There are 2 protein chains.
Amino acid sequence: MDTDVTEFIQGVWELPKEVLEEFCKSFQLLDIPKDYFLLREGKVCKHIWVIHRGLVRHFYTDEKGKERNTWFSAEYSFTSNVISLLNQNASRESIQLLEDSIIYAIPQATITALQQKHHSFCRWYIKMLESFYFAQIDQRVDELQFLNATERYHNLLERAPTFSRRISLGNISSYLNISQETLSRIRSGK
Amino acid sequence: MDTDVTEFIQGVWELPKEVLEEFCKSFQLLDIPKDYFLLREGKVCKHIWVIHRGLVRHFYTDEKGKERNTWFSAEYSFTSNVISLLNQNASRESIQLLEDSIIYAIPQATITALQQKHHSFCRWYIKMLESFYFAQIDQRVDELQFLNATERYHNLLERAPTFSRRISLGNISSYLNISQETLSRIRSGK
DNA sequence: AAAGGCATTTGATCTACATCAAAAAGTTAT
DNA sequence: ATAACTTTTTGATGTAGATCAAATGCCTTT
């Protein structure tokens, strides 16, 4: 187990050493290439993933067959399809790597078991949800409801400066809900 | 304490009787008139509210001074400004009653204290966040990103059929991010 | 270096929805 | 009932950003 990752876990909320160990030893280390799918639409999500190095996109395919990105996650973040994970029902989204990545897979079974077993783990989990899910999704609602195309783009640049280098224009425009052509014009400054 | 409310609390996740009692006895019963503010922009959110009867809107005031609704909550739902509550920082939103309402206020201090004290309470709290926050906000992102004005309106009608009777057109249009005029035309079927 | 395959840019139109303005309908107070 | 609001509707016009189409630029592979 990488010390970076245990530190990352501990950074969320300090777990007792033995609980941390029990937790981390259930992680599965994945070293996987670009384009690989962590999750496919229609499957039940069975993991929370911690990205150690790399980048993924969340997307789904609309009625017209167009892929629409809903999220990106990069190194040192948790990623999962929370809705499918919680309800253990079919996911509407897929999750795919945009770069060769090193990822820890945390089984859903571990999360459930440790919640039952350890009070401290519940507190860790609450903190994790709060800081890695709420904070982000709240921002997302905000930018979708209140910002225009140009503002959404600049907002993303600020929040995640590396994305504009690492993610293609087409993938970014899909996430921002802007056509590729319009985003190209925005980026060139009109 | 109303048995309806304890049942509602128990419906989230079954709490041991003594924890439930400790929890419920901290609730403060509010019987307050239309237009009252549960929370004002700039203040720190100190409660989660359970609406027993009535209706509230969440909104903030934009740079041009226009009020923009972000959420409605009606009877038998939890409502709060989660971001302000969690970080105990100034809220950007206000929460105001749209109808005379009966509401239970759960102090943030209770939530924090019971989380520390009871494993079972943490499990209740996780369930509450999952079912009353995630599920809803996820839907919200979806409708904002992928639906057009007409679809957003019909989506709301389905999700909350009573709202179109109880909430003025202006307040609905603001929430849906549609101008009042356009919503009027949509509603009249063009 | 040439050829093929993507990703990005540029230009010309089109459209969903906003904005502005005013009339009509509904509500509340005198 | 009449006046004075407030909310909703209707009509005319404006615009951000989509869509369609074609050109350009950029990697690969040979």
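Letters A, B, ... are given to chains in the order of the sequence lines, protein chains preceding strands, and every chain is numbered from 1. Keep in mind that this is a model prediction, so the values were computed, not measured. Computation of the quantities below employed the complete heavy-atom set of this structure, encompassing side-chain atoms and omitting hydrogens, waters and symmetry-equivalent molecules.
- As rounded to whole Å, 15 Å separates atom C1' of C:dT19 from atom CG of B:Asp62.
- Counting any heavy atom pair closer than 4.0 Å across all strands shown, A:Asn177 reaches sugar-phosphate atoms only and no base atom.
- For the atom pair A:Lys46 NZ and A:Ser84 OG, the distance stands at 8.5 Å (nearest 0.5 Å).
- Side chains of A:Arg68 and A:Asn177: a donor-acceptor N/O pair is present below 3.5 angstrom, by distance only.
- Between A:Glu67 atom CD and C:dC6 atom C1' the separation is 15 Å, expressed in whole Å.
- We find that CG of A:Asn148 is positioned 13 Å from P of C:dA18, with the value rounded to whole Å.
- Rounded to whole angstrom, the span from the CD1 atom of A:Ile172 across to the P atom of C:dA7 amounts to 13 Å.
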Derivation of the ring pair (Phe, Tyr, Trp, His ring centres under 6.0 Å) call for A:Tyr104 and A:Phe8: CA-CA 12 Å; A:Tyr104 291 92; A:Phe8 177 62; 9.9 Å; no
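- Summarising the geometry, the separation between CD1 on A:Ile186 and P on D:dT15 is reported as 18 Å, rounded to the nearest angstrom.
- One can place CG of B:Leu183 at 13 Å from P of D:dT10, the figure rounded to the nearest angstrom.
- Closest to the side chain of B:Ile178, out of D:dT8, C:dT10, C:dA18, is C:dA18.
- In this structure, the NZ atom of A:Lys34 is 13 Å from the C1' atom of D:dT28, given to the nearest Å.
- Taking the centre and axis of the six-membered ring of A:Tyr175, the NZ or CZ atom of A:Arg140 falls inside the cone set by 45° and 6.0 Å.
- For A:Tyr153 and C:dT8, the OH to C1' distance is 13 Å, given to the nearest whole Å.
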Test side chain to side chain donor-acceptor pair (under 3.5 Å) on B:His118 and B:Glu22; report intermediate values, then the result. CA-CA 11 Å; B:His118 301 291; B:Glu22 186 180 353; 3.0 Å; yes
Test side chain to side chain contact (heavy atoms under 4.5 Å, CB included) applied to B:Trp13 and B:Tyr125, step by step: CA-CA 8 Å; B:Trp13 194 82; B:Tyr125 187 66; over 6 Å; no
With the criterion being N/O to N/O and under 3.5 Å, what pairs connect the protein with nucleotides 19-22 of chain D, and how long is each?
| unit_1 | atom_1 | unit_2 | atom_2 | d |
| --- | --- | --- | --- | --- |
| D:dT19 | O4 | A:Arg185 | NH2 | 3.4 |
| D:dC20 | N4 | A:Glu181 | OE2 | 3.1 |

